[in-house]
2 protein chains.
Amino acid sequence: MVEPKHPVRTVDRSFEIIEIVQELDGAGVSEISERVDIGKSSVHNHLNTLVNREYLSKEGDEYHIGISFLGLGAYARNRTEIYDDARQEIDKLADETGELANLLIERNKMGVYLYQTEGENAVELDTYEGKQVGLHCTGLGKAILAFRPREEVENILDTRGMEPLTEQTITDRERFFDELDEIRSHKYAFDREERLTGLCCVAAPITNANDRSVGAISVACPIHRISDERFYEELPDSVLGTANVIELKHNYS
Amino acid sequence: MVEPKHPVRTVDRSFEIIEIVQELDGAGVSEISERVDIGKSSVHNHLNTLVNREYLSKEGDEYHIGISFLGLGAYARNRTEIYDDARQEIDKLADETGELANLLIERNKMGVYLYQTEGENAVELDTYEGKQVGLHCTGLGKAILAFRPREEVENILDTRGMEPLTEQTITDRERFFDELDEIRSHKYAFDREERLTGLCCVAAPITNANDRSVGAISVACPIHRISDERFYEELPDSVLGTANVIELKHNYS
DNA sequence: ACCCAATATTCGGTTATCGCGAACGCCCCC
DNA sequence: GGGGGCGTTCGCGATAACCGAATATTGGGT
């Protein structure tokens, strides 16, 4: 997390370009050149170097993210502790509930969606595998933080802040810790429009033998389509059950 | 596919380092330095620049592939024509057959595994999402090539060669084209230990409205566990059925 | 069919910076 | 407690990354 003493600027520039290509959903030389404030010729060299290595693809005059990143990404995901143990169970959870089921882990003080499966009636969302979100504003993130030492949570909030994404996002630190206490006692967390207006979810942590969270799972659904009973009883049951199975797999095999 | 006139060497070096970190499944400075033939100090600067951008992670004295690549990889996968249409059907196929079901596309004259799901009795394999393989040596690859113009296939074979991976890999070009004819007439392909000894699979192309393949799906299983009837009749039925559903989704929605 | 504008691409000179090698510091293992 | 193998820091010199202008290419409008 420490700034390198001698950063390789050229590499920084290249990844900046890659990230811009993703953000813009494909872009040409001139457009990128303006954005990164590097001359067109230089941008051109970067782009072609990356195309040559197949990390970008060139489609007409637009450059796009190449499929080679998938190999690296899937590899990184497989290296995580819980992906393999959780995957099938998430599928089942989505199947049972008909909703969108998710798996999130913490990495570098951020939440990273590792996997998601859409049930029959799943909402269409802005989440995708690999997407990073602040830990303070999702049920998943709260579930993870509830099973981390307070000082670690403080440290995460200090670094990443508590930017509100909706009117419901918790921004008061003391209230946030109260909520974590609550979550710790039930072993599941609710999210009522804290990250996205209209969206609610029920999440549960996956903890290891030392009662430290290694990730969290959730079911998400539109708030206007769900009864109180389902939200406060059925879904927590399903999510807790699934979390339990994953924990068993993870800790005793 | 053309060598850039003015490659950005520093970027090349960085990606070489990244690829070595993946190959070695995590590595330290010295080990990498020897492999890429760049001084330790320089490798160190590259590594820390990448860690800073969270594309690598540092675990003790070992550097590892970072989860950030997953965002780029998943993004690239979602941009493909058929991933979204195929995913659920592949799941069903794995469920029905109990075996390992795969989705492959062609990119840059190579086969890229986009998705795979393990059924109940699935073999453990060396494939993972994002993995690239030669198109000539898998059932999936042959299914794709069977529905491409001959000159395009020639071009692919010229570029990527026909390196044999097992004793069964087809290396004779005329025999290969005969096989493609055969595949074209049935709309499915067999692979009997052509890529991996002991492994067989049944594959079918996904074609678009112009009868050009946009990908292929398959079921893979160990050759010693399967009866002739299942291999030559049941599995082709399932695979063809699934391919058909995917084609409908893809072409008419 | 033509032209014009916008974009991608090429090329040579300049200077930032990348990589080297030596020195330092650290930790583990003998 | 010492030695060998690491990772890390630092300053110098050569390299190659960047810039800007010139050239090629593409597409759209009349």
Side-chain angles (χ1 to χ4, degrees), chain A residues 1-66 76 79 107-108, chain B residues 1-66 76 79 107-108:
Chain A
M1 197 62 67
V2 84
E3 287 283 314
K5 284 286 171 215
H6 297 282
V8 184
R9 291 191 213 285
T10 309
V11 174
D12 272 324
R13 284 188 269 258
S14 241
F15 275 99
E16 254 171 63
I17 290 173
I18 290 168
E19 284 164 15
I20 285 173
V21 168
Q22 183 186 20
E23 265 175 46
L24 297 179
D25 208 54
V29 177
S30 303
E31 197 174 2
I32 297 169
S33 170
E34 282 173 29
R35 277 264 197 147
V36 293
D37 206 46
I38 294 176
K40 282 200 298 180
S41 59
S42 198
V43 169
H44 177 257
N45 291 148
H46 276 268
L47 290 169
N48 282 294
T49 305
L50 292 165
V51 168
N52 184 244
R53 284 205 160 261
E54 300 181 7
Y55 287 104
L56 292 181
S57 71
K58 186 174 182 177
E59 303 171 15
D61 273 352
E62 281 205 338
Y63 292 83
H64 285 275
I65 300 297
R79 264 186 35 83
R107 197 61 31 126
N108 276 115
Chain B
M1 197 61 64
V2 87
E3 287 283 313
K5 283 288 172 219
H6 298 282
V8 185
R9 290 191 214 285
T10 308
V11 174
D12 272 324
R13 284 189 267 259
S14 242
F15 275 100
E16 255 171 61
I17 289 172
I18 290 168
E19 285 164 14
I20 284 173
V21 167
Q22 183 185 21
E23 266 176 45
L24 297 180
D25 206 51
V29 178
S30 302
E31 197 174 1
I32 297 168
S33 170
E34 283 173 28
R35 277 265 199 148
V36 293
D37 206 47
I38 294 176
K40 283 198 299 178
S41 60
S42 198
V43 169
H44 177 257
N45 289 334
H46 276 269
L47 290 169
N48 281 296
T49 305
L50 292 165
V51 168
N52 184 244
R53 286 206 160 260
E54 299 180 9
Y55 286 104
L56 292 182
S57 71
K58 186 175 181 177
E59 303 172 14
D61 273 353
E62 282 205 336
Y63 292 84
H64 284 274
I65 300 298
R79 266 184 34 81
R107 195 66 25 127
N108 275 118

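Per chain, numbering begins at 1; letters A, B, ... match sequence-line order.
With B:S14 contributing its side chain and A:V11 its backbone, the two residues share no donor-acceptor pair below 3.5 Å. Between the side chain of A:N48 and the main chain of A:H44, a donor-acceptor pair closer than 3.5 Å is present.
Contact annotation: the side chain of B:D12 approaches that of B:P7 to within less than 4.5 Å [non-hydrogen atoms, C-beta and beyond]. Counting only heavy atoms from C-beta outward, the side chains of B:Y55 and B:T49 never approach each other to under 4.5 Å. At least one side-chain heavy atom of B:E31 sits under 4.5 Å from a side-chain heavy atom of B:L24. At a threshold of 4.5 Å between non-hydrogen side-chain atoms, the residues B:H46 and B:I32 do not count as touching.
Within the 4.0 Å cut-off from OP1 or OP2 of C:dA6, not a single side-chain nitrogen or oxygen of A:S30 is found. Of the side-chain N and O atoms in A:H44, none sit less than 4.0 angstrom from OP1 or OP2 of C:dA8.
A straight line from OH of A:Y63 to C1' of C:dT7 spans 11 Å, rounded to a whole angstrom.
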**Fill in**
Going 5' to 3' through nucleotides 11-30 of chain C and flagging B where a protein heavy-atom sits under 4.0 Å of the base, S where only the sugar-phosphate is that close, and - otherwise, we get B-----SSBBB---------

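You can see that DNA chain D meets the heavy atoms of chain A within a 4.0 Å-exclusive cut from D:dA17 to D:dG20, reading 5' to 3'.
With salt bridges taken as basic N to acidic carboxylate O contacts below 4.0 Å, none links A:R9 and A:E16.
A:H64 and A:S57 share no side-chain donor-acceptor pair at under 3.5 Å.
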